[in-house]
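Beneath this line is the structure, given in structure tokens, with notes to follow.
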2 protein chains.
Amino acid sequence: MTTPTRTPDPAGTDADTEPLRTTEDFLRLDQQICFSLNAASRAFGGVYRVVLKDLGLTYPQYLVMLVLWEHGELPVKKLGEHLRLDSGTLSPLLKRLEATGLVRRERSALDERSVVVRPTDEGRALRERALAVPRRIAAATGFDLDEIRELRARLDKLTAALDEADLESG
Amino acid sequence: MTTPTRTPDPAGTDADTEPLRTTEDFLRLDQQICFSLNAASRAFGGVYRVVLKDLGLTYPQYLVMLVLWEHGELPVKKLGEHLRLDSGTLSPLLKRLEATGLVRRERSALDERSVVVRPTDEGRALRERALAVPRRIAAATGFDLDEIRELRARLDKLTAALDEADLESG
DNA sequence: CGTCACTGGATTGTGCACAACTGAATTGTG
DNA sequence: CACAATTCAGTTGTGCACAATCCAGTGACG
């Protein structure tokens with residue numbers, strides 16, 4: 001309560017004064033990181049929500065369409081690998097996209113276990129209107145291309161590290 | 001994905017060669033950004049899920065407890081301002097925290113509209129065990145403190161820009 | 001052929017996020 | 001005082017994320 005922030009003083013090596021207080025600072029710093037990432041993700045979601053409303057898409061649905069626009073057609077499994085999403089998330093999402101007429105889902109003839117998702121003509125046509133989206137998003141961030149690239153690189157590095165972490169050590 | 005990166009060549013002003021390709025690249029780049037942020041957020045969530053399982057907390061519940069540990073007690077409104085969450089998210093979340101005995105909720109005597117949330121003894125005791133969390137998270141990221149601070153600053157700047165954006169211009 | 005292990009997708013259940021709405025309490029104004 | 005506007009929680013409905021589970025189809029083996 002009312003912790004006087006006590007920045008860790010990077011220059012001073014006074015590890016003998018109060019090392020325990022540092023643990024408290026870690027907890028505060030930790031708060032900052034998860035807060036920041038969480039808030040940034042939701043703020044992004046909010047902007048996308050507004051921009052994508054015209055297209056009738058949610059943010060995750062837009063991500064699915066981006067992948068389909070780039071790859072043409074994919075089984076659900078491959079789609080999930082691109083998006084890092086499992087069938088529990090994708091199945092209902094794809095059904096909604098099918099209900100709005102943007103994609104079709106059909107069992108593969110070669111492997112009856114697999115369901116292939118492909119954009120309909122309407123889904124492909126939507127791409128033209130979606131071309132306006134990135135510029136609006138970029139404008140909302142106020143970042144230039146180099147900043148965006150830099151941030152993306154750091155986030156990818158972070159994601160890779162988090163995926164690699166085994167967490168076995170308590 | 002074997003993207004040849006096609007950096008927009010900031011020096012060259014060859015707008016005559018292929019200006020259309022640039023729009024396509026924007027869409028691809030945009031994909032990268034939202035992908036990256038989305039993936040990083042969920043990867044973080046996954047790590048927190050594992051680490052927090054011992055404490056019996058979800059990631060957002062942990063965020064709530066962090067705020068309560070720091071501020072002692074808060075009305076729901078203030079809590080929402082700290083976390084950027086509205087009552088539709090907080091009300092059921094706080095009920096679950098109350099059901100597990102970590103917080104208590106009671107109407108303010110001064111303003112009957114307001115509900116004050118305060119940690120119970122058990123909730124305050126949980127803080128001791130939570131002190132181990134930040135170190136495990138930091139270890140999972142593989143980032144040092146400077147990298148974390150840098151990334152946090154960029155994310156906060158991004159969030160602020162996204163919140164400020166009016167988006168009125170189509 | 002029978003059966004066993006594996007794979008891909010769907011389903012179920014829990015929880016988060018947010019828009020829209022409801023309703024009670026409070027405040028402002030005549 | 002009466003009454004309109006505002007504030008604060010809560011509720012409802014929709015959609016995303018993920019763990020756990022189920023089941024049909026597949027392929028290997030005897």
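Bear in mind the structure is a predicted one, so any value in this text is a computation, not a measurement.
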Regarding the side chain of B:S87, the nearest nucleotide among C:dC18, C:dA10, D:dT11 is D:dT11
Under-4.0 Å side-chain N/O to phosphate OP1/OP2 contact, B:S114 with D:dA9: yes
Spacing between B:D86 atom CG and D:dG13 atom C1', to the nearest angstrom: 14 Å
Name the closest nucleotide to the B:R49 side chain, picking from D:dC18, C:dA17, D:dA9. D:dC18
What is the minimum heavy-atom distance between A:V47 and A:A140, and which atoms define it? CG1-CB, 4.0 Å
Counting only side-chain heavy atoms from C-beta out, which of C:dC18, D:dG15, C:dA10 sits nearest to A:R107? C:dA10
Check whether B:R152 reaches the backbone of A:I33 with its side chain - one donor and one acceptor, N or O, closer than 3.5 Å. no
Close N or O pairs between protein and nucleotides 21-27 of chain D (under 3.5 Å):
from	atom 1	to	atom 2	distance (Å)
D:dG25	N2	A:R113	NH1	3.0
D:dT26	OP1	A:E112	N	3.1

B:Y48 OH to D:dA17 P, in whole Å, measures 19 Å
Side chain of A:V115 - closest among C:dA19, D:dC18, C:dA10: C:dA10
Close side-chain approach of A:L57 and A:L97, heavy atoms under 4.5 Å: yes
All heavy atoms of B:T159 vs all of A:A43, minimum pair found to be CG2-CB, 3.9 Å
Starting at OH of B:Y59 and ending at C1' of C:dA17, how long is that distance when rounded to a whole Å? 14 Å
Report yes if some heavy atom in the side chain of A:R129 is under 4.5 Å from a heavy atom in the side chain of A:L126; otherwise report no. yes
CG of A:L52 versus C1' of D:dT14: gap in Å, rounded? 16 Å
Output the single nucleotide from C:dA10, C:dA19, D:dC18 whose closest atom is nearest the side chain of A:R105. C:dA10
Under a 4.0 Å heavy-atom cut-off, which of residues 88-95 of chain A touch DNA chain D? A:G88, A:T89, A:L93
Distance, nearest 0.5 Å, that separates CZ of B:R154 from CD1 of A:I148: 11.5 Å
Atom-to-atom span, CD of A:Q61 to P of D:dA17 - whole angstrom: 10 Å
Please check if the side chain of B:S41 supplies one atom and the backbone of B:N38 the other of a donor-acceptor pair under 3.5 Å. no
